[in-house]
2 protein chains.
Amino acid sequence: MLPAPFDVLPETAYRVLNLDAGETLFRQGDPSRGIFYLITGSVRLLRFARGGETIVVHRAGPLETFAEASLFVDVYHCDAILEQAAQLVELRRDPVLRQFHSDPLFAMALTSRFATQVQTYRRRLELLAVRSAQERVFTALAEGFLTGDIKTFATEIGLSHEATYRALSHLVRRGHLIKTGRGKYCVKTT
Amino acid sequence: MLPAPFDVLPETAYRVLNLDAGETLFRQGDPSRGIFYLITGSVRLLRFARGGETIVVHRAGPLETFAEASLFVDVYHCDAILEQAAQLVELRRDPVLRQFHSDPLFAMALTSRFATQVQTYRRRLELLAVRSAQERVFTALAEGFLTGDIKTFATEIGLSHEATYRALSHLVRRGHLIKTGRGKYCVKTT
DNA sequence: CGTCACATTGATGCCTCTCAAAGCTTGTGG
DNA sequence: CCACAAGCTTTGAGAGGCATCAATGTGACG
């Protein structure tokens, strides 16, 4: 049920929560209880600017963790509001930290997970820096971002799905890509 | 000289390198020697698509670390080429891992650093999802992304510096921002 | 006082978003 | 087995906004 590396945690280290859309998971300034793993649904992490404007810091979706840094700081730095009803796991801070100190393998795995995420996000940021839709789509494809359907893919790379479809067919016409099926493409090997 | 948490490492754990533009730091498939901290200059991390195209995975600048995940995997997964001549620190893998295992505070600090970076990158990704230049600039400002000059700021938030300047003056005119000096702005408190 | 890099504003063109509509697939229920 | 619905795929037309090129202003520093 829990993804690695959290699967080694004892049952007392976490609990499953079922929350409805609109409910508040935590608020900015609350003492941090732990980090969260989302099974289904979605959560928005919000901060508030001094002018009163709401700023979306992050939108967490299924199978993602969030509020990781709360392990190492004492209070949450943003609000977490349920966007859709969700089932999620609260990984309690103290047991996780205890595991971190007593189990070097867990510590390594956790750190490795974060380090890998850092690199993944850097890749996505570099991807979004590519201005041309065609080039961006090609790069994203070559980097393996296309896992589900095209619309999801389009959102992930910051393009409208129409622009993505057009870029895809251009790339096929130009011979850079091969269409292998409905919504399936692969990079042409020279 | 080294930033936290690396400042606790013994002198034998790292060495300083001076490299010229165009030199190769490591190649994809090379056994991983460690992670790097860039003092000055810049490094491009590259992967190669099957069609032979070069893909920029990341561009590291001064005071950044990169190749963090190499601590936990055996080989590098991309090439590192010097974009500009650079002075950098190679943090050797084995001593760092040894410190990680023997020094819980170091382990925590390292993990905390990665977790914080994850959140920073998520914020930037969410920021880049904002289409309107004005809204993006405002959000970025409210989130404290403006630290250095405007051109750097513009690059970080994925806009041309001209568009950024225009958005800034619009926001000032509309009363959302206050110009506090040449290239200095702050969010208006209501 | 001259140079350099940043800051600022103007004009133009292109690219992508947006709205719209029509094929195509798949799944569901009668 | 067929009909229909729903959602993805694909293509079209139009408009707006940002990138780009260009030029000038301005502050810092030697």
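For B/Phe26 and B/Phe36, the distance between ring centers is under 6.0 angstrom.
When the C1' atom of D/dG17 is taken as reference, atom CD of B/Glu135 falls 14 Å away, rounded to whole Å. Counting to the nearest Å, the P atom of D/dT10 and the NZ atom of A/Lys151 are 13 Å from each other. The separation between B/Phe153 atom CZ and C/dT8 atom P is 13 Å, rounded to whole Å. What separates OH of B/Tyr165 from P of C/dG10 is a distance of 15 Å, to the nearest Å. D/dC18 atom P lies 14 Å from atom CG of B/Leu128, rounded to whole Å. For the pair B/Arg131 CZ and D/dG16 P, the computed distance is 18 Å after rounding to whole Å. The separation between B/Glu162 atom CD and D/dC21 atom C1' is 9 Å, rounded to whole Å. Distance A/Asp149 CG to D/dG7 P: 12 Å, rounded to the nearest Å.
Tracing side-chain contacts under 4.5 Å through hydrophobic residues (I, L, V, M, F, W, Y), one reaches B/Tyr37 starting from B/Phe100; they form part of the same cluster. In the hydrophobic clustering of ILVMFWY residues, with side-chain heavy atoms under 4.5 Å counting as a link, A/Tyr185 and B/Ile55 come out apart.
Note on B/Asp94 versus B/Arg33: no salt bridge recorded, every NZ/NE/NH1/NH2 to OD/OE distance being 4.0 Å or above. Salt-bridge check for A/Arg47 with A/Glu53: failed, with every basic side-chain N at 4.0 Å or more from each acidic carboxylate O.
Within the structure, a side-chain polar atom (N or O) of B/Tyr185 is placed less than 4.0 Å from OP1 or OP2 of C/dT8.
In this structure, B/Gly158 reaches the sugar-phosphate backbone alone: every heavy-atom distance under 4.0 Å involves primed, P, OP1 or OP2 atoms, never a base.
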Exercise. Does the pair B/Leu71 and B/Leu110 meet the rule for a side-chain contact (heavy atoms from CB on, under 4.5 Å), with working shown?
Worked result: CA-CA 12 Å; B/Leu71 281 178; B/Leu110 188 66; 4.2 Å; yes
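For A/Gln134 against C/dC15, no side-chain N or O and base N or O form a donor-acceptor pair under 3.5 Å. Counting distance only, with no hydrogens placed and no angle test, the side-chain atoms of B/Arg166 and the base atoms of D/dG17 include no donor-acceptor pair under 3.5 Å.
Residues from residues 168-182 of chain B placing a heavy atom under 4.0 Å of any atom in DNA chain C, listed by number, are B/Ser169, B/Lys179, B/Arg182.
Without hydrogens or angle criteria, B/Thr40 side chain to B/Pro62 main chain gives no donor-acceptor distance under 3.5 Å.
Listed nucleotides D/dC18, D/dT20, C/dC6 differ in distance to B/Ala133; the shortest reach to its side chain belongs to D/dC18.
Two residues, B/His161 and B/Thr164, neighbour DNA chain D, and the one matched to the more 5' nucleotide by heavy-atom proximity is B/Thr164.
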